[in-house]
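Everything on this sheet refers to the single structure shown next.
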Amino acid sequence: MLGRDGREITTGTAALGVETDFYVVTDVDGNPTSMVEEGLLRDWDAKGAAVHRRLIEEDFPLDDESRMHFGLWMGLQWLRGRAARQTGQELYDEINKLLITLGLDLPAGLADSYPGSRPPAGAGPGIPVRSLEHLPDEIKEILRDTDSYNFEPPKEHLVASMIKGVPEAAAPFIESQWFLVRASGPVLLTSDEPISLWREPTPQNELMGVGPVNAHVIQMPLSPERCLVMLRRSASPDVVAPVSDEPIAGINELTRRGWWSQLYRHPDGPVFPPLPPPLPPR
């Protein structure tokens with residue numbers, strides 16, 4: 001493993017990429033429970049692991065059901081990755097700050113009639129905007145400085161949003177053309193953000209950003225010798241694609257650019273490339 005601090009260590013895979021009690025939430029009685037993790041292991045992780053074994057053995061192309069199972073697992077993997085989780089946290093923070101800003105400028109007598117206070121008929125529950133007109137002026141001044149504080153979402157909120165979002169997140173993976181890349185030897189890198197994305201670097205695309213939905217290429221190393229590459233703009237059949245040194249370098253470079261804080265390689269593989277640039281400030 002190569003850490004963001006430049007330190008390289010050799011250790012077992014069980015010691016890497018593990019976050020203790022990541023799925024532990026509280027039940028209705030306020031007690032911690034692992035029921036979410038148990039459900040994910042049973043319904044998605046176990047099925048995804050079974051397909052992963054088939055891909056390593058080059059049982060490919062997959063039947064539609066197996067493709068769906070692995071696509072759902074990749075959707076879950078994307079949403080529980082650190083980049084997607086940070087995006088969710090930032091969105092939660094921005095929405096709450098927007099509600100605060102609107103509430104500060106909303107007279108109490110108009111709160112019930114404000115367009116954001118009630119959802120349209122049939123639209124499901126909305127996010128109410130509550131008037132904060134009653135607060136002391138000094139508190140209002142503090143709240144208007146939204147850069148001075150943050151809203152951290154409860155774990156229950158993050159986990160629930162992640163699970164609800166899996167079917168939609170899985171669609172880009174399932175709808176792509178799949179290449180099972182076969183490398184000669186343990187040469188492929190992976191990282192603690194194993195799904196990497198690439199999009200044509202044009203000015204229009206830069207404005208859109210890169211997510212699975214608008215990526216041109218999605219890749220996920222399955223082992224030091226196998227990588228699943230997905231093309232979002234192709235309707236050709238899925239294929240097994242042996243690759244030479246040059247495409248392998250491109251796969252590893254995309255992994256290097258998509259990392260978060262740890263890069264991984266096989267002990268018998270080539271040395272790590274130079275460290276990627278640091279993450280942009282949050």
Side-chain angles (χ1 to χ4, degrees), residues 13-14 16-18 22-23 35-81 83-85 159 161-198 210-243 247-248 250-252 254-255 258 264 266:
T13 55
L16 301 173
V18 176
F22 175 63
Y23 297 110
M35 61 182 299
V36 172
E37 182 171 15
E38 293 166 2
L40 292 176
L41 287 172
R42 180 181 61 251
D43 296 333
W44 284 332
D45 281 321
K47 293 176 181 178
V51 179
H52 180 271
R53 287 192 292 271
R54 291 177 55 185
L55 292 172
I56 295 299
E57 296 168 0
E58 294 191 9
D59 181 1
F60 191 82
L62 299 170
D63 57 89
D64 289 345
E65 183 179 19
S66 298
R67 207 175 195 278
M68 181 187 68
H69 287 324
F70 203 67
L72 286 169
W73 181 83
M74 285 191 288
L76 175 63
Q77 184 65 30
W78 172 257
L79 290 176
R80 64 186 169 192
R85 284 158 54 192
V159 172
S161 297
M162 179 184 69
I163 294 172
K164 291 177 181 177
V166 167
E168 183 176 355
F173 304 108
I174 296 172
E175 295 167 358
S176 299
Q177 178 194 14
W178 291 15
F179 285 87
L180 182 61
V181 171
R182 177 201 299 139
S184 56
V187 296
L188 298 176
L189 300 174
T190 189
S191 75
D192 55 350
E193 194 69 61
I195 297 176
S196 302
L197 312 173
W198 180 84
V210 176
V213 172
N214 61 6
H216 285 131
V217 178
I218 306 171
Q219 72 174 34
M220 187 178 72
L222 305 170
S223 77
E225 299 176 347
R226 300 290 181 271
C227 180
L228 186 62
V229 176
M230 290 150 276
L231 301 185
R232 292 277 294 134
R233 302 293 184 268
S234 175
S236 302
D238 296 345
V239 294
V240 177
V243 294
I248 287 173
I251 290 172
N252 282 341
L254 190 56
T255 295
Y264 310 129
H266 191 277

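Count residues from 1 along the sequence. Note that the coordinates shown come from a computational prediction; the quantities given were computed from them, not determined experimentally.
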**Report entry** Parallel, tilted or perpendicular: rings of Trp178 and Phe70 (30°, 60°)
**Finding:**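 Because their plane-to-plane angle is over 60°, the rings of Phe70 and Trp178 count as perpendicular.
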
Compare every heavy atom of [Y] with every heavy atom of [X], then report the nearest pair and how far apart it is.
{"X": "Pro172", "Y": "Ser176", "result": "O-OG, 2.6 Å"}
{"X": "Arg85", "Y": "Arg80", "result": "CD-O, 3.1 Å"}
{"X": "Ile248", "Y": "Ala183", "result": "CD1-CB, 3.7 Å"}
{"X": "Pro167", "Y": "Leu72", "result": "CA-CD2, 4.2 Å"}
{"X": "Ile56", "Y": "Arg226", "result": "O-NE, 4.0 Å"}
{"X": "Glu225", "Y": "Gly185", "result": "CG-O, 3.1 Å"}

Could you give the distance from [atom1] ([X]) to [atom2] ([Y]), rounded to the nearest 0.5 Å?
{"X": "Phe60", "Y": "Arg67", "atom1": "CZ", "atom2": "CZ", "result": "7.0 Å"}
{"X": "Leu254", "Y": "Met220", "atom1": "CG", "atom2": "CE", "result": "13.5 Å"}
{"X": "Leu188", "Y": "Thr255", "atom1": "CG", "atom2": "OG1", "result": "7.5 Å"}
{"X": "Thr190", "Y": "Ile251", "atom1": "OG1", "atom2": "CD1", "result": "11.5 Å"}
{"X": "Gln219", "Y": "Asn252", "atom1": "CD", "atom2": "CG", "result": "8.0 Å"}
{"X": "Met230", "Y": "Leu180", "atom1": "CE", "atom2": "CG", "result": "10.5 Å"}

Between the main-chain N or O of [Y] and the side-chain N or O of [X], is there a donor-acceptor pair closer than 3.5 Å?
{"X": "Arg232", "Y": "Asn214", "answer": "no"}
{"X": "Glu193", "Y": "Ala83", "answer": "yes"}
{"X": "Gln177", "Y": "Pro237", "answer": "yes"}

**Report entry** Pair Trp78-Leu197, side-chain contact (heavy atoms from CB on, under 4.5 Å): steps then yes or no
**Finding:** CA-CA 11 Å; Trp78 172 257; Leu197 312 173; 3.4 Å; yes

Quick one: does [X]'s side chain get under 4.5 Å of [Y]'s, heavy atoms only?
{"X": "Trp44", "Y": "Val166", "answer": "yes"}
{"X": "Val217", "Y": "Leu231", "answer": "yes"}
{"X": "Leu228", "Y": "Met74", "answer": "yes"}

